[in-house]
Amino acid sequence: MALQSVPIPILSPELLRDILGERRIQLLEDEGETVRDALGTRMVLNINSTASGGGVAEMLHTLLGYARGSGLDVRWMVPEAPPEFFTFTKRLHHMLHGVDTGISLEGPDRDRYDEVMRHQMVELKSVVRHGDVVILHDPQTAGLALPLMAAGARVAWRCHVGSAEANGATERAWEFLRRYLTGVPTVISRTAYLPDWVDHRVSVEIAPSIDPLSPKNVELTPEFSRSILQAAGLIADGGHPEALTFTHRDGSRGRVERTADILQSGPPPPADAKLVVQISRWDPLKDMGGVMAAFAEYVVPRSDSHLLLAGPNVSSVTDDPEGAVVLQQCMAQWAALPAAARERVHLACLPMQDPDENALLVNALQREASVVVQKSIAEGFGLTVTEAMWKGCPVVATRVGGIESQIVSGENGILVDDPHDLAGVADAICTLLEDPHAAAEMGQRAQQSVSEHFLPDRHLEQWADLVLRLLRTDPHGAHHVGAKSSALPPK
Ligand code: UDP
């Protein structure tokens, strides 16, 4: 099998009524009905590279779940491909973020990429019917766009990564993709990421969203948060052994019982410790090592807080072959810290076997944190920022990529201009630790801005608009897609 189906939960938009209010729910329901009528018996198939771990998978569970809950035939598939393919597409991903790996994208790598695409097309031809809508995600799927369009599907390619600062690396990565995407309707998290050759009349900007009701974001009592963090070994005390059960998204009962793999020199932090937390994949661009260095050098002498760096168990994210290497680097860096800093820095790999259990642990960490950090060197959007903001947690993040579209520095979080500025990151963390009142107010404003801009209704409305426009196009002539007023203006 070249592609695997991913189960999508059925999430009724009705569930969001208390959070969104009457007017927003009504708009959502109307939109769902319009798309349902327009789709008829056709489906909307999504293809991305992994079903768990990372922001795209996180977002698709929600977006597609509510689309299904609106009665739409929405499906989701992930490809299986050799590890070298994902090593190569990870390189492309870094280059789109502006990081030059110095390695050519042509030759055998392009040949393998084309071969993987051909292999997947063979299977897709028996899955996709003429007139179906297919939304492809990120570079791992770009090569499917033109063959699917030629086969009569209505296709859009959605890119979740990119950099507003073009350089040699971004140019070479986009040049690699150009042959697969010329004339293909494109969706991008920020318009500024697109190269000039992408036809801006057939492109739209759509930012991601979070699901306030998912295990990742649902309201948790402090008692439950502490209980599950203690059970997972992430804090030392404060929990209740009885308070470990939860309801999965599919309605079944679950219990948080797996422990995290933790590297620490003493006990975990006590429940009343001030926690500074970064949660990310183990990826060089998330710069977990930079957070550790900033904390050890500048925050440890100024506060008694603890730093917790948490990421997924490294064997679990199939499209991210670098995770183990980055984790090893962080472990070596931790081992070399002075003892006083080492005992206040904790490295945790969260269990991933049960996605809802993992999500609850992320949720509880974001709620228990005094400060959430996202010290990315580059960032397509940065859902971890949105998630923490939704919980009213003050965030310190770097002014890169999509983070800039979420945080207004000093208002609903703090942005550090230079992503390599360790002292600046540490100073922002200490500012928030030292003034909990101002930090709480910032957190409240953060929650308000997520409520206005990054909840599912805004996202679904734009998604529905995209699907409607794709349905109106001639499958062989993408040039009609962006003729509407919501098409992006030329750069
Ligand atoms: N995440 C998770 N478990 C982890 C680490 C990360 O569920 O151990 C989630 C995190 O909560 C967020 C997503 O992975 O929903 C990361 O998305 P983001 O946009 O921040 O970055 P990406 O990984 O897509 O580059």
Side-chain angles (χ1 to χ4, degrees), residues 48-63 89-90 93-94 96-97 99 137-140 158-163 189-190 207-212 214-218 229 232 234 249 258 260-262 277-288 308-320 322-323 326-327 330 347-367 369 372-391 393 395 397-398 400-403 405-407 450 454 459:
N48 84 311
S49 62
T50 180
S52 67
V56 181
E58 176 73 23
M59 188 203 80
L60 287 178
H61 278 285
T62 301
L63 181 73
T89 53
K90 192 71 203 286
H93 173 109
H94 284 328
L96 287 170
H97 276 311
V99 180
H137 296 263
D138 283 334
Q140 295 92 330
R158 184 165 181 183
C159 185
H160 302 270
V161 295
S163 169
S189 302
R190 288 187 81 196
S209 60
I210 58 161
D211 180 6
S214 71
K216 178 75 58 72
N217 299 306
V218 72
L229 292 179
L234 293 161
R249 280 230 98 155
R258 294 183 184 87
D261 288 336
I262 305 173
V277 173
Q278 178 163 303
I279 300 169
S280 290
R281 287 179 297 107
W282 301 99
D283 179 306
L285 295 180
K286 306 293 181 182
D287 201 18
M288 294 285 225
L308 185 74
L309 296 174
N313 196 299
V314 289
S315 57
S316 58
V317 186
T318 45
D319 69 338
D320 191 1
E322 278 175 315
V326 173
L327 176 62
C330 286
L347 263 55
C349 288
L350 304 180
M352 293 286 286
Q353 294 92 327
D354 176 343
D356 288 350
E357 181 187 56
N358 176 275
L360 279 170
L361 290 172
V362 171
N363 187 343
L365 280 174
Q366 289 165 335
R367 287 182 191 281
V372 162
V373 181
Q374 192 58 56
K375 191 195 165 302
S376 300
I377 306 297
E379 192 63 73
F381 181 70
L383 277 177
T384 49
V385 170
T386 334
E387 290 159 3
M389 289 172 76
W390 173 246
K391 288 153 194 139
C393 183
V395 178
T398 41
V400 292
I403 295 177
S405 52
Q406 302 187 62
I407 294 183
V450 174
F454 301 116
H459 195 179

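For ligands, and for the atoms within them, numbers begin at 1 and follow the listed sequence. Note that these values count all heavy atoms, side chains included, but never hydrogens, waters or copies made by symmetry.
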Is ligand 1 less than 4.0 angstrom away from at least one heavy atom of [X]?
X	value
E379	yes
A359	no
G382	yes

Quiz item: Does a side chain donor of either E322 or H93 reach within less than 3.5 Å of an acceptor in the other side chain?
Solution: no
Quiz prompt | Any C393 side-chain heavy atom under 4.5 Å of Q366 side chain | solution = no
Mind checking the [atom1]-[atom2] spacing from [X] to [Y]? Nearest 0.5 Å is all I need.
X	Y	atom1	atom2	answer
T62	I210	OG1	CD1	8.5 Å
D211	W390	CG	CH2	10.0 Å
L350	R258	CG	CZ	12.5 Å
D287	S376	CG	OG	8.5 Å

Exercise. Answer with side chain, backbone, both or neither: which part of L383 has a heavy atom less than 4.0 angstrom from an atom of ligand 1?
Key: both
Quiz item: Should the proximity of N358 to ligand 1, defined as any heavy atom under 4.0 Å, be assigned to the side chain, the backbone, both, or neither?
Solution: side chain
N or O contact, [X] vs ligand 1, cut-off under 3.5 Å:
X	result
T384	yes
M352	no
K286	yes
V56	no

Looking only at heavy atoms, what is the nearest atom pair of [X] and [Y], with distance?
X	Y	answer
K286	R281	CG-O, 3.6 Å
A57	N48	N-ND2, 4.2 Å
Q140	S49	NE2-OG, 3.2 Å

Which of the atoms in ligand 1, numbered in the order shown and given with their element, are less than 4.0 Å from a heavy-atom of [X]?
X	result
I279	5 (C), 6 (C)
G311	8 (O)
R281	22 (P), 23 (O), 25 (O)
G55	13 (C), 16 (C), 17 (O), 19 (O), 22 (P), 23 (O), 24 (O)

Quiz item: Nearest to atom 15 (O) of ligand 1, what protein heavy atom do you find, and at what distance?
Solution: E387 OE2, 2.5 Å
